[in-house]
*Asks:* 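This is the structure I have questions about; it appears just below.
By convention in this document, chain letters (A, B, ...) are assigned in the order of the sequence lines, proteins followed by strands, and residues within each chain are numbered from 1. Just so you know, these numbers use all the heavy atoms, side chains as well, and skip hydrogens, waters and symmetry mates.
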Number of protein chains: 4
Amino acid sequence: MTGSIYGNSFTITTWGESHGAAIGVVIDGCPAGLPLTEDHIQTFLNRRKPGQSKYTTARQESDRAEILSGVFEGRTTGTPISLMVRNMDQRSRDYGQIKDCFRPGHADYTFHEKYGFRDYRGGGRTSGRETIGRVAAGAVASLLLENLGIHITAYTKSIGSIVIPNESYRYEEIYENPLYMPNNAYARDAALYLEECIKSQDSSGGVIECIIEGMPAGVGEPVFRKLDACLAQAVMSVGAVKGVEIGDGFQVSRAKGSTNNDPFYEENGQILKRSNHSGGTLGGLSDGGRVVLRAAVKPTPSISAEQETVDIHGQNTHIAITGRHDPVIVPRAVVVVESMAALTVADLLMDNMSAKIEYLQKIYLKKN
Amino acid sequence: MTGSIYGNSFTITTWGESHGAAIGVVIDGCPAGLPLTEDHIQTFLNRRKPGQSKYTTARQESDRAEILSGVFEGRTTGTPISLMVRNMDQRSRDYGQIKDCFRPGHADYTFHEKYGFRDYRGGGRTSGRETIGRVAAGAVASLLLENLGIHITAYTKSIGSIVIPNESYRYEEIYENPLYMPNNAYARDAALYLEECIKSQDSSGGVIECIIEGMPAGVGEPVFRKLDACLAQAVMSVGAVKGVEIGDGFQVSRAKGSTNNDPFYEENGQILKRSNHSGGTLGGLSDGGRVVLRAAVKPTPSISAEQETVDIHGQNTHIAITGRHDPVIVPRAVVVVESMAALTVADLLMDNMSAKIEYLQKIYLKKN
Amino acid sequence: MTGSIYGNSFTITTWGESHGAAIGVVIDGCPAGLPLTEDHIQTFLNRRKPGQSKYTTARQESDRAEILSGVFEGRTTGTPISLMVRNMDQRSRDYGQIKDCFRPGHADYTFHEKYGFRDYRGGGRTSGRETIGRVAAGAVASLLLENLGIHITAYTKSIGSIVIPNESYRYEEIYENPLYMPNNAYARDAALYLEECIKSQDSSGGVIECIIEGMPAGVGEPVFRKLDACLAQAVMSVGAVKGVEIGDGFQVSRAKGSTNNDPFYEENGQILKRSNHSGGTLGGLSDGGRVVLRAAVKPTPSISAEQETVDIHGQNTHIAITGRHDPVIVPRAVVVVESMAALTVADLLMDNMSAKIEYLQKIYLKKN
Amino acid sequence: MTGSIYGNSFTITTWGESHGAAIGVVIDGCPAGLPLTEDHIQTFLNRRKPGQSKYTTARQESDRAEILSGVFEGRTTGTPISLMVRNMDQRSRDYGQIKDCFRPGHADYTFHEKYGFRDYRGGGRTSGRETIGRVAAGAVASLLLENLGIHITAYTKSIGSIVIPNESYRYEEIYENPLYMPNNAYARDAALYLEECIKSQDSSGGVIECIIEGMPAGVGEPVFRKLDACLAQAVMSVGAVKGVEIGDGFQVSRAKGSTNNDPFYEENGQILKRSNHSGGTLGGLSDGGRVVLRAAVKPTPSISAEQETVDIHGQNTHIAITGRHDPVIVPRAVVVVESMAALTVADLLMDNMSAKIEYLQKIYLKKN
């Protein structure tokens with residue numbers, strides 16, 4: 001079955017393995033007339049690139065995106081946009097224990113069970129490099145949203161127990177520190193914590209937050225394709241994410257209705273909310289408020305410390321993952337979460353275009 | 001667009017409004033040969049029925065499911081199974097403020113924005129009665145899973161701040177208390193808390209936990225249709241759910257790799273895990289362990305206390321929701337979460353059947 | 001898998017067996033605000049009803065459509081529209097040979113092979129009654145199209161060797177004869193031919209033609225979801241159809257480019273074509289001309305004459321189909337073909353709404 | 001919307017323009033364990049390559065397929081297979097009238113209407129080169145089918161009025177003549193006819209026939225995803241195809257039930273049919289007989305003779321398509337039709353795997 005396709009109207013198909021020839025994505029359903037360049041896509045890819053700091057891998061991956069189709073004279077044509085990044089690190093080498101062992105916390109065992117064998121080089125399809133296709137496509141979706149007045153921002157809310165409280169957010173500092181945290185001071189504390197993790201051959205988890213501004217009300221489809229439900233799938237599909245919440249999220253379980261409901265009020269002809277516990281969705285449709293979602297990211301499963309495991313022949317053994325590894329996945333996953341949110345919103349905006357007969361008449365009767 | 005369809009291979013389409021003629025679901029893709037009766041479906045529907053206790057609404061809804069197609073001589077035929085529940089409470093009455101006001105915490109405003117108008121009677125399509133179709137279909141999916149050795153259980157883990165710790169679970173007590181909690185003592189405490197909520201014209205949130213046992217390893221599709229991603233969409237699509245997590249969930253953000261990874265070991269020819277922080281999925285595929293997911297459920301938005309809001313003409317006003325309302329959504333949503341999990345797993349099991357060429361050969365070459 | 005769902009944006013799910021409790025369809029994706037009544041749907045259903053003439057079965061089927069959801073105060077709400085027709089003829093009776101034999105030309109054998117057993121009562125899911133759901137949904141799609149200035153007409157072009165040449169079409173006579181032929185004189189000749197078929201315990205095939213007027217240019221999606229490709233699937237999915245063609249159809253195989261190309265010209269600011277060999281599609285998108293398609297319908301497989309066959313135990317035997325049967329399927333299938341065309345066009349019109357960034361801006365930026 | 005994706009379980013996404021950087025396809029859903037090489041794919045691509053004879057274009061296109069992902073150590077891994085062919089002919093040149101005029105019989109006008117502008121270089125996405133992705137993917141699907149005992153053959157049945165009657169088929173001669181006709185003598189006559197077309201600056205249509213052998217009975221989904229309906233969409237989606245028929249096709253309109261029905265009989269424990277008017281499908285499911293389908297292909301719209309048309313500014317003008325053009329599309333489209341049939345059958349075989357509960361039990365309970 002087809003797990004590498006996402007979206008209904010703005011659809012992407014990603015492909016590629018970590019150490020195969022290339023990695024890429026095909027976007028089918030991007031509207032015609034959007035100005036698009038390789039440079040724009042590169043801006044997004046650079047945010048997930050390794051080697052940005054000592055808390056992310058030092059491996060050099062150039063990750064240059066090439067537009068192979070769907071753009072003519074600088075604008076999207078409405079036909080599929082094929083984007084490709086050549087893998088640089090393809091030389092044959094010794095994959096050692098990774099070839100024959102199931103790394104704990106990785107998908108080696110589950111892929112082996114599902115398919116009977118696996119491309120073990122660098123994790124193959126299960127490598128974090130799989131997200132390159134998501135980010136390249138997310139760059140296009142984000143551009144589309146900007147043209148509709150919608151803006152998405154993601155950042156690191158916490159690393160380990162270093163959590164930035166909402167009142168300390170300084171959005172302008174997000175790109176000033178290598179951890180993409182909206183507060184440089186907290187980022188420095190987090191950096192110290194990550195130093196410790198590296199020293200103890202260990203790794204840390206964290207939380208990514210993503211906000212969507214400018215959403216028109218009423219976007220999302222009732223029942224199964226609710227805006228929050230689609231965002232949940234999109235974000236949970238990112239490898240290391242183990243939890244997703246919208247608005248107050250898990251805190252609602254301890255809340256009361258009287259405080260959790262957001263009262264409506266009218267001001268200057270606009271319907272607004274006094275608070276935003278809902279995180280911008282009601283009944284699964286956008287409510288005109290800022291959409292707020294959070295994703296819990298697990299610690300990097302690749303650690304240098306020795307771990308118990310089993311080999312592909314079913315024998316008990318031990319493994320220590322050699323080589324350099326990010327002590328934390330969070331910073332590089334920030335742009336991945338942002339991309340998945342952008343793809344989801346773009347898709348649902350298109351789906352929403354046939355919600356009313358007036359919309360169809362506006363497009364099809366207008367010519368007369 | 002089509003928000004009321006769920007699933008790829010085991011597909012359901014739900015329909016119906018709270019106070020329309022009926023509510024129902026069509027299952028397309030259920031395999032032929034499954035013994036199915038209306039009584040089996042009724043068992044599931046009875047678990048979401050109101051009036052089970054004073055903590056759920058006293059309204060009498062008979063909610064009898066009728067099988068209209070797809071079953072012949074007691075077995076599924078492989079063609080669409082249409083299930084319908086007639087609405088009893090259709091008499092015309094005064095919907096009062098609900099007709100003209102947007103209830104805080106409800107989808108009145110967002111539906112009005114999306115569609116231009118709405119069926120306001122009892123919430124229409126956004127009513128909790130919408131879940132009847134999910135539960136009826138979930139009963140069929142659960143039965144299918146039982147025939148494959150897979151068993152799903154859901155229950156209330158917490159109500160407000162009354163949280164049952166894992167070590168106090170007594171699964172055998174789940175059906176012994178009206179809150180579906182796996183510990184009768186905690187259930188009594190929760191009941192007292194709900195009494196308070198009722199007295200103060202307020203409502204409470206809670207957490208539902210769902211476990212899936214007997215999952216073969218390797219189920220789920222890589223990248224976007226991961227088992228956990230599909231479960232997240234499924235469960236977040238339930239009206240009041242604001243957060244979903246798998247395994248250790250949001251706690252992974254504070255964890256370290258050395259403790260979060262689950263070591264593999266071999267025993268009696270089986271590959272097992274020493275712990276289950278992953279909650280039964282690795283790389284989005286089932287890892288052979290018990291799948292564990294939790295959903296955060298918000299407090300009932302319908303409360304008797306007066307709230308600030310806006311009417312459909314955009315004027316500021318106030319509303320107090322009259323009539324009886326559940327002080328908590330959680331107990332009746334337990335079977336809904338269980339149903340969504342069953343539908344998701346059934347769907348992905350079918351998708352997984354074409355993972356290997358051997359599977360196709362087993363079915364298509366065997367005849368020779 | 002899910003064969004009973006059709007459409008991407010305007011989606012229908014049909015269900016029901018010939019002698020089950022009911023037959024129906026759920027439409028998910030119909031825009032809100034369309035005025036819709038049961039009477040409108042009934043008009044379409046009456047056109048496929050048996051007993052309209054002696055060339056169609058004398059069985060009395062009332063086939064009253066009931067709207068169960070998705071319409072409030074006379075207008076569609078944007079949520080699923082559930083339509084149901086109760087089956088009248090459910091009494092238990094002797095199905096004789098049909099139960100144990102595979103009727104030649106019917107799907108008895110293939111369903112038995114696929115599912116292991118079958119609902120043999122009146123053909124079950126493979127009965128012509130399956131089309132009730134298509135026609136009820138087609139009535140809604142047609143109404144939507146009328147609101148966009150698009151009109152679809154279908155009629156009988158030929159029965160056996162009685163073929164109405166294009167120059168003899170009198171569209172105003174279509175509903176004046178029971179065979180839905182656009183020429184009463186040809187209809188009388190066809191009626192005489194059908195009398196012969198009845199006398200000789202035999203049946204006849206024919207051709208249905210369908211035209212779509214008012215199509216805006218550019219509708220259809222490139223490559224696989226071309227307008228003509230989608231129409232081909234839609235119409236070939238009708239039980240007895242064995243061939244589909246667009247415009248000149250199979251005659252193009254003998255044509256030359258110089259005569260088959262339709263020259264463009266400008267007149268009063270409009271781009272028109274001198275001829276319409278293309279049948280209204282170029283490169284799979286509507287070209288602004290009238291869409292013309294034809295479907296070849298096979299003779300009714302149920303005939304009274306004795307035929308050689310095999311029983312469900314694999315033994316050679318003979319069968320003669322008793323009871324009254326239409327000597328021709330064509331007249332009752334006219335509205336089915338028209339419905340499938342309407343459903344396809346409605347779906348592709350919605351899909352086309354995101355073709356250009358201007359369309360999205362027209363809907364989402366307009367509010368500012 | 002997403003017109004470049006085909007298939008439900010064995011899914012392909014094609015991309016690329018005639019004169020863009022490359023053309024390609026991503027296959028998502030191919031089972032793991034299938035031995036696959038670039039050479040196998042090349043064999044298929046060579047059959048659609050231009051320059052094979054003077055009746056196909058003399059342009060040299062090397063069209064070398066590269067496997068970018070999804071294959072490891074010679075076998076498919078179950079993850080997406082990305083196939084790419086670099087375009088050789090990308091140099092900037094004068095596109096003359098093609099840039100500013102709508103060529104009759106081409107999609108220039110309809111793409112302009114849909115998207116607002118178009119990539120006019122060599123037809124862009126509407127070029128025949130778009131089929132490279134289909135054929136590369138079709139090569140993989142065909143290989144999969146061979147592993148399941150299913151074999152597909154396509155060939156030219158007619159060119160203009162040169163039609164090979166069934167009784168003169170010599171399948172062994174198909175690859176002995178450049179027109180892929182199953183009779184060398186008819187191929188010589190057709191060649192003479194094409195010489196005439198070239199001399200008169202004209203082009204010819206024809207018919208392609210495709211047969212599928214070894215199909216197990218019961219494949220295809222009832223109602224909308226019937227085997228014949230899916231084949232109809234698949235084949236009609238090929239650019240120049242204007243008609244599709246199964247078995248006796250349009251001839252059924254003049255047939256009678258007594259001769260059109262195929263009697264069943266038992267022989268050596270097998271259920272067979274005395275004739276095959278049905279073309280291998282009953283009720284939309286394979287009936288165990290040979291599947292037979294035909295496609296009507298229109299004459300090449302690019303002709304050297306001058307034609308009336310309109311330019312992109314809406315002014316009347318004339319155009320003569322310069323350069324070499326195939327006088328007939330049919331021979332190069334033979335492998336395209338074969339590929340579309342293979343993709344469709346592979347997809348439906350996978351969908352059929354969940355038809356019975358026994359199939360699921362065979363795969364999921366067997367491990368115990």
*Asks:* Just jot down the side-chain contact (heavy atoms from CB on, under 4.5 Å) partners of A:T110, sequence neighbours excluded, or say none.
*Replies:* A:A107, B:L282, B:L285, B:D287
*Asks:* Can you tell which part of A:R75 gets under 4.5 Å to a heavy atom of chain D, answering side chain, backbone, both or neither?
*Replies:* both
*Asks:* Which atoms of A:T13 come close to chain D, meaning under 4.5 Å heavy atom to heavy atom: side chain ones, backbone ones, both, or neither?
*Replies:* side chain
*Asks:* When rounded to the nearest 0.5 angstrom, what is the spacing between OG in A:S69 and CE in D:M84?
*Replies:* 11.0 Å
*Asks:* Ring centres under 6.0 Å, that's the criterion: do A:H112 and A:F102 meet it?
*Replies:* yes
*Asks:* Between D:D28 and A:S4 (side chain of the first, backbone of the second, donor and acceptor by atom type, cut-off under 3.5 Å), is there such a pair?
*Replies:* yes
*Asks:* Do the non-hydrogen side-chain atoms of D:S127 and D:E17 ever get within less than 4.5 Å of each other?
*Replies:* no
*Asks:* Checking an interface table here. Which of residues 31-43 of chain A come within a heavy-atom distance under 4.5 Å of chain D?
*Replies:* A:A32, A:G33
*Asks:* Please identify each residue that fulfils side-chain contact (heavy atoms from CB on, under 4.5 Å) with A:I23, with sequence neighbours left out.
*Replies:* A:N87, A:R129, A:I132
*Asks:* Using heavy-atom distances under 4.5 Å, tell me whether A:F111 contacts chain D through its side chain, its backbone, both, or neither.
*Replies:* side chain
*Asks:* Partners of D:S237 by side-chain contact (heavy atoms from CB on, under 4.5 Å), sequence neighbours excluded?
*Replies:* C:F224, C:A229, D:R134, D:M340
